[in-house]
Amino acid sequence: MGRAAPQTTRSPDSRLIQMPYFACNVSAFAVCGHKSTWHQSGRSVSGLQGTFVSSPKCPTSPQVPSSDTPRCKQGAGRLNLSPRQTPWKQAMVRTPLLRTAASLAPAPVAWHEYALQEDWYGEYESASEFGPVRAKVEGELPKELRGGIFVRNGPGNFDRGGARYNHIIDGDGFILQVAFPKDGCEEFEVMGRFIKTETFLKEEALGRVCSRSPFGTQRQGIFALQNIMDSKLKNCANTHVLHWGGKLLSLFESGLPYHMEAATLRTCGPETFGGELKAGTAATLGLPALDSLLGFGDAVTAHPHVDQKRNRLLMWSQKKKVVDGALAFIVTEWDQQWLPRARVAFDMPAGAAPHDFAFTDSFYIWAENRIELTGPALARYLLGQLGPAEAIEIDADLPTRIHLVTRSDSSEAEQLVVETPPWFAIHHSHASEVETEDGGKMITLYSAGWDRRGLNKNGPRFLAAWGGKVPDFDFIPTTYYWKTTIKVKNSNAQLLEHRVHPGLEHTNIDHPHVHPAQEGGSAGTYAYMTYSNSDDLASPPVGWLRLNLQTGDTSLWETPSKGGCFTQEPVVVPKADSDGAWILGIVSDHRRDATCLCVLDGDSIEQGPLLQG
């Protein structure tokens, strides 16, 4: 008999939304595509299985929900701060059903049946610092979350001196922290801070942009001439947040991480890992003295991963070799005392560094998108006319390359390369490794990315559809969940399968994650991710989805259709007494100018956030 068709379990009533709201006295702020982390009692879990962090949008004018705002169903707990009229007095509220698009007139422009453009456009407004403030929780928290800390970072400031930044990814990093109660009491502590990098402080003092950013935000007017031949890029510290070995780091893949004081979110400065790395443009001429004179340095991945089996943080740095164009990689495995337990160095002949990576017991794995900094575009960058990311072009006709580099406790590493049909890899949930009967290894890489149609839709310019004030889903490609299987034996690698994962052939997703203990090992059981729609269309994320990796069955919880609510990247926190997980994530509600932190049971994600109504 053939394999049963995958099944989808949906929310019992998708009109209902249950969420813990907290209203903060700051401007609206939301980040889609940036990272969360959780840390508790010395153990870490995150969007990349590292820690527990998130920075949601907080309203400018907090208000107690009125009779036409959403209703919370039964569950475990919710978080709420009261309106400005009663300064930070804790108040719990009940909220009724969300209005749907049918109640709005005239009919606004919509992305298909899933989201209204006017709601999405309101998501990207600059934030202000706040707190710490107390927020009340109703109900009993799961024991695994007590005493933990949820953190998130992402772009939080999008303008300077009245001028809007050229691209949202150029936004200044903002970090939000929610400290969960330790003893079952009813209060959380919440605060939000900007990551005060050297350039942020300078631009804040001068009231204008005075640097160059990767996606084209740079000096204007009489200061524009200073962009010419200036290769130093602003470190926005806005892409991922990590807690490991007692350090809280805010990461940005074009520079060094920034060290934050975990208790206060005070910015301590760039993290050089004991002086091993240097701040500066990620390039090298092979001559340390000349590199120092030109301001060349190192860039650290914004997506490190934690190997729970070996209790190591896997992190890599890279820089462009100017002479031959290759990327010089160094991968380091750090223990909890920040001592290097393994390190390998190798060159990757790639135009630009991959955004993410994965690992197994035997390999580090990268998917190389075929992008290059072409001669004419490089000239425009050096002349101050483009940012470096704007100068990168995608070649949709070339195969994507999968690089497998052997893990070793010595400095030697073997690199295997396998080509797949053209696609564009964005994020990886994990990779698995299984021994085969003939002594080989079966490696499977699980990824979020665009197909060949998406490459053509985006065009040659790198992340062009994400430019401007907000990402525009009229131009953004649909993102699918991919499964790539490779057979490795005797230093040879062969592609066996590359396809959208069964059960999600028509589903737009992003930011997939698995249980931390399953990353890098066997195939795993479930993957969790944001959900947009199941119609092969591009639209904002409006729910969370669980995929059974063995059967292709899915479970789904989604916010009301066209309800003005958007979901962000999930964080997977293991349960103590089973191999299940709690799913934590942010929902931003544009119409109420508010944000909520949701907790869902990963075993029954379709039931929605666990809150008491």
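Note that the structure is a prediction, hence the values are computed from the model and not measured.
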For Phe174 together with Phe194, are the ring centres under 6.0 Å from each other? yes
State, yes or no, whether a side-chain contact exists between Arg407 and Asp307 at a heavy-atom distance under 4.5 Å. yes
Is there any salt bridge (charged side-chain N to carboxylate O under 4.0 Å, His left out) pair reaching into residues 212-224, and which pairs are they, with sequence neighbours excluded? Arg219-Asp230
One thing to verify: whether Glu276 and Arg343 come together as a salt bridge, which I'm taking to mean a side-chain N less than 4.0 angstrom from a carboxylate O. yes
Any non-hydrogen side-chain atom of Ser211 less than 4.5 Å from a side-chain atom of Phe200? no
Heavy-atom side-chain proximity of Ile443 to Thr360 below 4.5 angstrom: yes
Check this for me: Lys232, atom NZ, are more than 12 non-hydrogen atoms of other residues, nucleotides or ligands nearer than 6.0 Å? no
Is a donor from one side chain sitting under 3.5 angstrom from an acceptor on the other, for Thr217 and Asn166? no
Identify whether the distance between the nearest side-chain nitrogen and carboxylate oxygen of Arg341 and Asp335 falls below 4.0 Å. yes
Are Trp582 and Glu144 close enough that some pair of their side-chain heavy atoms sits under 4.5 Å apart? yes
Hey, what's the ring geometry for Trp338 with Trp334, parallel, tilted or perpendicular (30° and 60° as the breaks)? tilted
Salt-bridge present (Asp347, Lys321; N to O < 4.0 Å): yes
Decide yes or no for Ile149 and Gln177: does some side-chain heavy atom of the first lie under 4.5 Å from some side-chain heavy atom of the second? yes
May I ask you to decide if Ile169's main-chain N or O and Asn238's side chain share a donor-acceptor pair within less than 3.5 Å? yes
Between the side chains of Lys234 and Glu203, is the shortest nitrogen-to-carboxylate-oxygen separation below 4.0 Å, so that they form an ion pair? yes
Pairwise side-chain contact, Ile394 with Asn369, heavy-atom cut-off 4.5 Å (strictly under): no
Are side-chain heavy atoms of Trp244 and Gln336 found at a separation under 4.5 Å? yes
May I ask you to decide whether Glu519 forms a salt bridge with Lys309, counting only side-chain N to carboxylate O separations under 4.0 Å? no
Between His428 and Phe357, is the gap from one ring center to the other below 6.0 Å? no
Residue list, salt bridge (Lys or Arg N to Asp or Glu O under 4.0 Å) with Arg160, at least two apart or on another chain: Asp172
Go through the side-chain N and O atoms of His355 and His303 and say whether any donor and acceptor fall under 3.5 Å apart. yes
Phe346 and His403, any side-chain heavy atoms less than 4.5 Å apart: no
List the residues meeting salt bridge (Lys or Arg N to Asp or Glu O under 4.0 Å) with Glu198, not counting sequence neighbours, and say none if there are none. none
